[in-house]
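Please read the structure below before turning to the comments.
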Amino acid sequence: MKSRTPLIAGNWKMHKTGPEAVGSACKLVELTADTAGVETMIAPTFTALSEVAEAIGGSQIRLGAQNLHWETHGAFTGEISGDMLTAAGCQYVIIGHSERRQYFGDTDEIVNKKVTAALSAGLNPILCIGETETQREADETFNILDKQVQKGLEDLSENDLNTLVIAYEPVWAIGTGKTATTEQAQEVHLFVRSLIDKKFGKALAQSLRILYGGSVKPSNVKELMGMPDLDGALVGGASLDPETFSQLVHFQS
Ligand code: PEP
């Protein structure tokens with residue numbers, strides 16, 4: 001029996017207008033009202049955050065954002081700060097998603113600044129890490145993950161990290177229908193936990209939640225979540241339909 005409460009987090013990416021997001025959120029509130037022993041989070045697009053916060057108010061569903069800027073305010077056209085997300089009702093923020101790294105230039109240094117900013121704003125950061133297919137084939141997986149963890153968490157203390165979540169998302173498994181095998185995922189999660197142990201100590205390594213992301217769906221969620229070091233899932237495609245996402249949230253039943 002794991003002591004860490006699993007987190008099932010849905011990343012809605014650039015899908016759903018405000019009204020569409022509210023419709024999905026309301027449906028999800030109904031479908032997940034009976035859940036216990038699992039935390040649920042949805043991350044709609046920025047423009048839907050406040051409306052969705054109202055729609056899920058009083059339920060067990062938490063609100064997350066998909067990104068933030070590292071500064072608190074200023075001349076940064078188009079950007080959103082941690083305080084703005086907190087004021088909109090967010091408790092979580094996804095940082096360093098592979099799409100941000102690939103298309104928007106989020107380096108490990110930027111990711112580190114964003115993690116620091118999220119913590120200062122009282123948000124729980126979900127730090128995404130993961131190797132590409134080429135890196136896996138070249139046997140570079142552990143080196144890449146080591147670098148992403150070391151740099152992403154640079155200058156942070158054990159105390160800073162109490163609310164941090166790490167999401168291991170092999171880039172080759174995101175939106176491709178290819179899922180890491182349970183053994184591949186467990187091997188990496190254990191490795192990441194050992195990195196945290198070395199850097200921050202055993203207590204944090206044991207309490208830290210490490211999510212798996214990459215084509216998680218109702219047919220594979222139970223098996224993945226059954227692995228000892230997998231503490232939840234970060235879900236893209238299968239989080240968009242409330243019925244399907246609710247099946248993931250109910251993986252324990
Ligand atoms: C993701 O984008 O974080 C993700 C895991 O996507 P999908 O579930 O669609 O593979």
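Just so you know, ligand 1 is whichever comes first in the structure, and atom 1 is the first atom listed for that ligand. Both backbone and side-chain heavy atoms feed into the values below; hydrogens, waters and symmetry mates do not.
- For ligand 1, the protein residues placed under 4.0 Å by at least one non-hydrogen atom are Lys13, His97, Glu169, Ala173, Ile174, Gly175, Gly213, Gly214, Ser215, Leu234, Val235, Gly236, Gly237.
- Between Gln186 and Asp229, the side chains place a donor N or O and an acceptor N or O closer than 3.5 Å (distance only, hydrogens not considered).
- Judged as a salt bridge (Lys or Arg N to Asp or Glu O under 4.0 Å), not a single pair has a partner in residues 77-94 (not counting sequence neighbours).
- For residues 204-227, the side chain to side chain donor-acceptor pair (under 3.5 Å) pairs, not counting sequence neighbours, are Glu39-Arg209, Tyr92-Arg209, Thr179-Asn220.
- Contact of the Ile210 side chain with the Asp231 side chain is registered, since non-hydrogen atoms from C-beta on lie closer than 4.5 Å.
- Qualifying ring pair (Phe, Tyr, Trp, His ring centres under 6.0 Å) partners for Phe46, counting only residues two or more places apart in sequence or in other chains: none.
- In the model, Asp160 has a side-chain atom that pairs as donor or acceptor with a side-chain atom of Ser157 under 3.5 Å.
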